[in-house]
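Presented below is the structure to which this report refers.
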Amino acid sequence: MMFQSRIAPSKAKVDWRAYLVPENWARFMPADHATWDRLFERQVARHRGDFVHAFIGGMVRLGLQEPGIPRLERLSDRLEGQSGWRLVSVEGIVPDEVFFAMLSEKRFPIGNFIRDGRHLDYLEEPDCFHDIFGHVPLLAWQPVADAMEAMGHLGMAACAGGHGEIMSRLYWHTIEFGLAREDEQLKLWGAGLASSYGEAEHALVADLPRPRFTLRDAAATAYRSDRFQPLYFVSDSVEGSCAKIADLTIKGLASLGGAEAPRYAAEHERMAHI
């Protein structure tokens, strides 16, 4: 996935509603809907058995298997009935404090564009396929929905208190690129993996570290936003990791900042720059 993290330190205070734009669903052309269908069919055909159960359950309950780019209002109505969340349309990546403010009010931003169908695997920033297919199925599951809301409140405090990088790492190693153990198998749950054909495969089969997820180790481990990750944290369960995140306070988050990077993380960070 070739895009920058949504999360970075910031002290600005803004009204997240000022960043909303009309969905203008009617402007999507047949080629755009065909791109969505190709991405969806390719991902499900190759990785259906690799997603955590809650991802597949959410996808089915929300009707994401229906053809074409979903209409946000209709999808939001279904999602709200499952977990109380709604989707809002934005032009692209929003400032970090805006993103967290949205999460704190159970709103998830969706980029109102889709990638060029000639380049299915290249993204400069997350499009509606990443945002909807990658994130929304698990937002229909209460443990993830609760953790995301908690991240919203915690993220706003982190940005204001200078702990944005710690928050960034926790978000990246779970919500975006987390793996999990389920049925004694390695499964995909991070949205950046769930929506990426190439990186999903890389995360599951490449010869690289897959350490057990802990808040301290994840908070101390850098990540890459310009290439496939050099390592992936594996949760004992998605529900368990979400509970740890939902219970984290700003004081607890700040305390993670002094942790030393695990040896495997430091080595891979060094190798990534050679």
Side-chain angles (χ1 to χ4, degrees), residues 3-19 54 79 83-88 90 93-110 126 131 134-136 138-180 189-192 212-223 225 232-261 265:
F3 52 86
Q4 298 298 312
S5 168
R6 295 176 184 271
I7 308 172
S10 176
K11 295 183 179 180
K13 293 183 179 180
V14 297
D15 178 5
W16 62 263
R17 293 171 182 79
Y19 287 80
L79 179 62
S83 64
W85 279 70
R86 293 194 68 83
L87 310 173
V88 292
V90 297
I93 295 176
V94 298
D96 304 324
E97 68 278 1
V98 175
F99 176 66
F100 286 124
M102 289 177 173
L103 297 190
S104 73
E105 297 192 36
K106 299 183 181 181
R107 299 294 187 271
F108 192 83
I110 305 296
D131 289 339
H135 283 284
V136 174
L138 283 179
L139 271 176
W141 189 44
Q142 207 61 53
V144 172
D146 290 344
M148 289 286 274
E149 182 183 2
M151 275 192 163
H153 293 290
L154 189 62
M156 289 192 295
C159 288
H163 305 301
E165 179 59 25
I166 306 172
M167 193 69 217
S168 171
R169 292 176 177 185
L170 291 181
Y171 183 90
W172 199 263
H173 292 309
T174 56
I175 301 300
E176 285 291 350
F177 290 97
L179 294 171
W189 79 280
R212 179 174 178 266
F213 172 79
T214 69
L215 291 173
R216 184 164 297 277
D217 285 349
T221 300
Y223 58 85
S225 61
Y232 300 90
F233 280 94
V234 182
S235 296
D236 293 335
S237 72
V238 176
E239 190 170 8
S241 290
C242 285
K244 292 176 183 178
I245 292 169
D247 290 341
L248 193 59
T249 64
I250 188 62
K251 183 178 179 180
L253 181 74
S255 73
L256 299 174
E260 183 177 350

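- Shown here for Tyr19 and Val90, the closest heavy-atom pair between the two residues is O-CG1, 3.7 Å.
- A heavy-atom distance below 4.5 Å is found between the side chains of Thr174 and Phe213.
- A 4.5 Å side-chain heavy-atom check between Ile175 and Leu170 finds every atom pair outside the cut-off.
- For the atom pair CD1 of Ile166 and CZ of Arg216, the computed distance is 10.0 Å after rounding to the nearest 0.5 Å.
- For the atom pair CE (Met102) and CD (Glu97), the distance works out to 10.5 Å, reported to the nearest 0.5 Å.
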Residue pair His135, Glu176: steps toward the side chain to side chain contact (heavy atoms under 4.5 Å, CB included) verdict: CA-CA 8 Å; His135 283 284; Glu176 285 291 350; 3.1 Å; yes
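- Nearest heavy atoms, Gly252 versus Ser255: O-OG, 2.6 Å.
- Distance alone, capped at 3.5 Å, is enough to place a donor-acceptor pair between the Thr221 side chain and the Asp217 backbone.
- With values rounded to the nearest 0.5 angstrom, Met167 atom CE is found 7.5 Å from Leu248 atom CG.
- Taking all atoms of both residues into account, the shortest heavy-atom contact from Tyr232 to Phe177 is CD2-O, 3.6 Å.
- Between the OG atom of Ser83 and the CD atom of Gln142 there is a distance of 5.5 Å, given to the nearest 0.5 Å.
- The OG atom of Ser168 sits 8.0 Å away from the NE2 atom of His173 when rounded to the nearest 0.5 Å.
- With hydrogens and angles ignored, the 3.5 Å screen pairs a side-chain donor or acceptor of Arg107 with a backbone N or O of Glu105.
- Inter-residue side-chain proximity for Leu79 and Leu139 is flagged as met; some heavy-atom pair is nearer than 4.5 Å.
- In this structure, Tyr171 has its ring center at least 6.0 angstrom away from the ring center of Phe100.
- Counting only heavy atoms from C-beta outward, the side chains of Ser235 and Val238 never approach each other to under 4.5 Å.
- When all heavy atoms of Leu256 and Ala219 are compared, the pair lying nearest together is CB-CB, 3.8 Å.
- Note: Ile93 CD1 to Asp131 CG = 9.0 Å, rounded to the nearest 0.5 Å.
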Under the side chain to side chain contact (heavy atoms under 4.5 Å, CB included) criterion, do Leu154 and Ile250 qualify, and how do the steps go? CA-CA 6 Å; Leu154 189 62; Ile250 188 62; 4.2 Å; yes
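- Cys242 has its side chain out of reach of Glu239: every pair of non-hydrogen atoms, C-beta onward, lies at least 4.5 Å apart.
- In this structure, Trp85 and Lys106 approach most closely via the heavy-atom pair CE3-C, 3.3 Å.
- Nearest heavy atoms, Leu103 versus Gly152: CB-CA, 3.6 Å.
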